[in-house]
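Before any comments, here is the structure.
All chains are named by letter (A, B, ...) in the order of the sequence lines, taking the proteins before the strands, and each is independently numbered beginning at 1.
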Protein chains: 2
Amino acid sequence: MFEVLVDHIEKKVHLTEPEKELIRPLFMARKLRKKQYLLQASEVCTHLTFVAKGLLRSYNVDDKGNEHINQFAWEGWWISDFYSFLTQEEALFNIDAMEETEVLMISRHDYEELTLKVPAMDRYFRILYQNSLVTKDRRLMSSTTHTAEEKYLQFAKRYAPILGRIPQHLIASYLGLAPETISRIRRKRMTKDAG
Amino acid sequence: MFEVLVDHIEKKVHLTEPEKELIRPLFMARKLRKKQYLLQASEVCTHLTFVAKGLLRSYNVDDKGNEHINQFAWEGWWISDFYSFLTQEEALFNIDAMEETEVLMISRHDYEELTLKVPAMDRYFRILYQNSLVTKDRRLMSSTTHTAEEKYLQFAKRYAPILGRIPQHLIASYLGLAPETISRIRRKRMTKDAG
DNA sequence: AAAAAACATTGATCTGGATCAATCAGCCGG
DNA sequence: CCGGCTGATTGATCCAGATCAATGTTTTTT
């Protein structure tokens, strides 16, 4: 399980054996059942989480009780309420497991230590965040410039490998659409493909 | 001018004198007139840009010719089309100056070199991107969960120091609203405050 | 200081997608 | 193999904010 993490890191930076040995004890393994919370809004997010297996989502709940999904994280992704993790203020997001999931977690303190002791990890996270920023920029742009249909089609393309693992109403929630809207888009496409 | 950059970096990490000397020649200073492009969509974004003085915006233009502002960058901010910078593919964003502006720019090649030779800069950018991710998360959340009025008020609060430097219709464009909507929100507030 | 841009306001109307309200389908545990 | 979740579909209606169309104001240019 730790190997999944090391493999992921070594795709971006080189680690020496002693560095790997230093890293290992900083992570805590944990299993989550389907629907189990990893974090609830108004708690403090104490750990950064790496997904070794399974699927998680982060989401916030608005005044009217509607859920808005912020991120899906599956094998090889990191997830957290970054704001809360960095400031140690109350989290705004909930994170829970959509499947049986196995994760590796590192605490705020150990994360600081890790980046200070292993400069390659500063570099790893720098590259990781860099890529993440590109994704967020794209998503933000899509949210203002695209129609519901364009958003859905783009999502279906980008998330093709795990599309089957995400129920439609959660895709809707991620895209800021009503589930009915996704349903209608799909129907329209079906009939168009047939004709 | 270079000092503005070094000050900014040293708020996050420590630099030795030799490191500063190494960094200096990697940056190119440039002045921009109001309305001058720093980057146009479909060019390749070759440099990361630090704003020493002035105000820039990045934005994309949709099929209907509408501009959607992605970011404002003033003194102490970085701006680029990150996707294009990293991949050397065509940029999707335009970047131009909203005021007379002075910037420091670093090329893709020198950025690589910088982070390899000065690990503190990996750390600096790691922290920078980390904070940037928090901001983007917030903005994304706001875009799906808040009303037009909430978005505008939040913006006015967050951007208070430079609110006077940004025309209203550009705020509208940043928030994904019509200029008329901002106007109406303000009127409503005015009369409410008066009553 | 006049002309022209650029920006803001206001009102009337329109619309994409939300919301409300059923109904339907699949799956899973006992 | 049935009863109860959980999710998907379909139709009818509604609404926040867009769009269209003037008019007014401020800033820039010459």
Gap between atoms OH and P, on Tyr152(A) and dG17(C) respectively (whole Å): 15 Å
Interatomic distance, Leu163(A) CG vs dG7(D) C1' [rounded to whole Å]: 15 Å
Atom-to-atom span, CG of Asn66(B) to P of dC20(D) - whole angstrom: 10 Å
Protein-nucleotide distance (Glu180(A), atom CD; dT19(C), atom P), rounded to Å: 8 Å
Atom NZ of Lys34(B): over 12 foreign heavy atoms under 6.0 Å: no
Phosphate contact (dA6(C) OP1 or OP2) by Gln168(B) side-chain N/O below 4.0 Å: no
First of Lys34(B) and Pro179(B) reached from the 5' end of DNA chain D, by closest nucleotide: Pro179(B)
Closest listed nucleotide, where the reference is the side chain of Pro167(A) and the choices are dA8(D), dA6(C), dG17(C): dA8(D)
Side-chain donor/acceptor contact of Arg184(B) with base of dG11(C) under 3.5 Å: yes
Nucleotide of dA8(D), dG17(D), dT10(C) approaching Ala148(B) most closely (side-chain heavy atoms): dG17(D)
Any Thr181(B) side-chain N or O less than 4.0 Å from OP1/OP2 of dA18(D): yes
Gap between atoms NZ and C1', on Lys188(B) and dT10(C) respectively (whole Å): 16 Å
Note: Glu75(A)-Arg165(A) ion pair, threshold 4.0 Å (strictly below): yes
Lys35(A) vs dT6(D): side-chain N/O to OP1/OP2 distance below 4.0 Å: yes
Whole-Å distance separating the CD1 atom of Ile185(B) from the P atom of dA8(C): 14 Å
Touch class at under 4.0 angstrom, heavy-atom based, for Ile182(A) against every strand present: nothing
Leu177(A) side chain, from C-beta outward: closest of dA18(C), dT19(D), dT10(D): dA18(C)
Phosphate OP1/OP2 of dT10(C): any Arg186(B) side-chain N/O under 4.0 Å: no
Member of Leu38(B), Leu48(B), Asp110(B) meeting the side chain to side chain contact (heavy atoms under 4.5 Å, CB included) criterion with Met105(B): Leu38(B)
Contact under 4.0 Å: His169(A) side-chain N or O vs dT6(D) OP1/OP2: no
Arg57(A) vs Glu67(A), side-chain contact (heavy atoms from CB on, under 4.5 Å): CA-CA, chis, key distance, verdict: CA-CA 11 Å; Arg57(A) 71 210 249 255; Glu67(A) 292 179 0; 2.4 Å; yes
Side chain to side chain donor-acceptor pair (under 3.5 Å) partner of Tyr59(B), chosen from Asn66(B), Asn70(B), Asn94(B), Asp96(B): Asp96(B)
Beyond-backbone contact of Glu112(B) with His109(B), side-chain heavy atoms, under 4.5 angstrom: no
Gap between atoms CD and P, on Glu100(B) and dT28(D) respectively (whole Å): 12 Å
Sugar-phosphate, base or nothing in reach of Lys151(A), heavy atoms under 4.0 Å: nothing
d(CD, Glu150(B); C1', dG17(D)) in whole Å: 14 Å
Closest listed nucleotide, where the reference is the side chain of Ala178(A) and the choices are dT19(C), dG17(C), dT10(D): dT19(C)
